[in-house]
Student: 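One structure follows; several queries about it will come next.
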Amino acid sequence: MSETPPNTLQYRFDGPEDAPVLILGPSLGTTWHMWDRQVPELMKQWRVFRFDLPGHGGAPAHPAGSVTDLAARLLATLDALGVHRFGYAGCALSGAVGAELALRHPERLASLALIAASPRFGTADEFRQRGVIVRTNGLDPIARTSPERWFTGGFAAAQPAITEWAVQMVRTTDPGCYIASCEALAAFDVRAELSRIGVPTLVLVGSDDQVTGPAEARTLVAGIPDARLAVVPGASHLVPVEQPAAVTDLLVRHFSTAWQPAFESTTGQTAIPAAPVKPVLAAPAPVAPVAEIAPAAMQPEPAGRPDRYETGLKVRREVLGDAHVDRALASADAFSGDFQEFITRYAWGEIWDRPGLDRRARSCVTLTALVAGGHLDELAFHTRAALRNGLTPVEIKEVLLQAAVYCGVPAANSAFKVAQQVIREETTPQE
């Protein structure tokens with residue numbers, strides 16, 4: 001166990017001190033105990049290092065708002081322990097950390113396993129909406145619905161103790177750290193960079209995973225030059241928990257046979273063989289990996305010259321959501337197109353991106369201005385934006401009460417009706 005400063009992670013070791021290090025990373029809402037069933041076998045060959053995400057499993061609540069930050073904290077922890085080179089297996093959010101390590105710090109990785117992972121996890125809107133629900137209702141609604149996202153129905157029914165354990169893991173997570181992790185997933189997107197991952201990679205997924213399923217796994221395999229795919233039947237998102245023996249066997253086989261040598265000390269380089277033709281990963285029954293996925297060319301997004309329009313479009317999407325912005329841009333024509341470009345470039349690229357106020361403060365100012373002007377349509381989607389920017393319903397109420405004093409009771413009365421409806425829609429958990 002460890003004492004944990006803000007820039008490092010809570011961790012534990014299992015296995016012989018002189019063995020090569022193998023890291024196991026947990027999914028959002030879980031703890032290192034999700035790997036308990038794998039450790040006894042893995043520690044026969046490796047010194048197994050497990051860590052908790054910030055605010056998970058009793059770890060100190062130092063939120064990390066990006067995958068880059070999580071990777072940096074993991075490396076800081078390993079540096080302090082003198083661990084330079086390691087194998088890495090990460091599930092879901094920790095899979096994103098693994099991809100980040102492979103892209104930004106390839107010299108540290110000997111081998112990689114991405115489990116229930118994706119180059120982009122759903123949409124930014126989905127994760128920011130989850131943050132709104134947690135900020136308003138706490139983690140209980142997320143905890144109660146976790147088993148149906150994590151396990152197949154048959155497993156959940158047959159294993160009530162494990163199902164309850166999963167619920168309690170989420171309930172005991174720090175809400176602020178959970179929200180920050182959602183923000184990290186919302187911003188994560190390495191689709192255009194997969195071809196630069198040079199480490200041997202196993203992509204492992206449950207056949208019934210409805211969160212990051214076989215389609216996402218195939219995208220990873222198609223883009224990573226030296227990747228193999230294994231699909232575990234009868235498993236959903238937390239496949240190491242639901243099918244522990246199959247996952248253990250696949251990890252042992254992968255890390256035993258695909259451990260890239262360290263860089264040569266005198267030259268700082270190592271000879272990396274050409275990427276082989278990707279074989280199907282052989283596995284014993286009952287695991288039946290799917291057929292090989294043919295490589296597919298990844299289409300990088302055009303770089304272009306960054307300007308205030310691109311900045312504004314990014315900020316506009318982060319504040320208002322992709323769905324809203326997509327509708328606005330899709331409805332633009334020769335008459336209104338210039339206006340859409342104008343507000344994207346100047347309102348969002350110039351004003352909303354200025355450092356003098358944070359987005360919470362800008363939302364407060366915007367809501368007040370819209371009440372004063374009686375702009376109820378815009379008040380509706382800026383109430384949604386305020387929730388996404390971190391204001392709670394109580395804080396929005398206080399803004400509208402303040403506006404009632406200075407903008408008038410009739411204006412505030414109409415504003416309360418609009419905001420009340422939006423808040424009900426946005427903060428009611430989806431069962």
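Just so you know, residue 1 is the first one in the sequence shown, and it goes up from there.
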Student: Report yes or no: do Arg149 and Ser146 form a side-chain donor-acceptor pair below 3.5 Å?
Tutor: yes

Student: Angle between ring planes, Phe127 versus Phe121, binned at 30° and 60°: parallel, tilted or perpendicular?
Tutor: perpendicular

Student: For His56, check side chain to side chain donor-acceptor pair (under 3.5 Å) against everything at least two apart and list the hits.
Tutor: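 Here no residue qualifies.
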
Student: Between side-chain atoms of residues 416-423 and protein atoms elsewhere (two or more places apart, or another chain), which donor-acceptor pairs fall under 3.5 Å?
Tutor:
from, atom 1, to, atom 2, distance (Å)
Gln421, NE2, Glu425, OE2, 3.0

Student: Do any side-chain atoms of residues 400-415 form donor-acceptor pairs under 3.5 angstrom with protein atoms, and if so which ones, sequence neighbours left out?
Tutor:
from, atom 1, to, atom 2, distance (Å)
Ser414, OG, Pro410, O, 3.4

Student: With distance as the sole test, does Asn137 use its side chain to make a donor-acceptor pair with the main-chain N or O of Thr427 at under 3.5 Å?
Tutor: yes

Student: Could you check whether the rings of Phe49 and Tyr11 sit parallel, tilted or perpendicular, using 30° and 60° as the cut-offs?
Tutor: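 Ring orientation, 0 to 90° scale: parallel.
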
Student: Not counting sequence neighbours, which residues clear salt bridge (charged side-chain N to carboxylate O under 4.0 Å, His left out) with Arg135? List them please.
Tutor: none

Student: Say whether, by atom type as modelled, one donor and one acceptor occur between the side chain of Asp189 and the main chain of Arg191 under 3.5 angstrom.
Tutor: yes

Student: For Glu216, which residues count as a side chain to side chain donor-acceptor pair (under 3.5 Å) partner, sequence neighbours excluded?
Tutor: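 Applying side chain to side chain donor-acceptor pair (under 3.5 Å) to Glu216 gives none.
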
Student: Are there more than 12 heavy atoms of other residues, nucleotides or ligands under 6.0 Å from atom CZ of Arg171?
Tutor: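 Above 12, so yes.
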
Student: Do the side chains of Arg308 and Asp353 get close enough for a salt bridge, i.e. N-O under 4.0 angstrom?
Tutor: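 Salt bridge flag = yes for Asp353 with Arg308.
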
Student: Could you list the donor-acceptor pairs under 3.5 angstrom formed by side chains in residues 88-96, with sequence neighbours left out?
Tutor:
from, atom 1, to, atom 2, distance (Å)
Tyr88, OH, Ser94, O, 2.7
Ser94, OG, Pro26, O, 2.5

Student: Name the orientation class of the two ring planes belonging to Trp259 and Phe255 (parallel below 30°, tilted from 30 to 60°, perpendicular beyond 60°).
Tutor: perpendicular

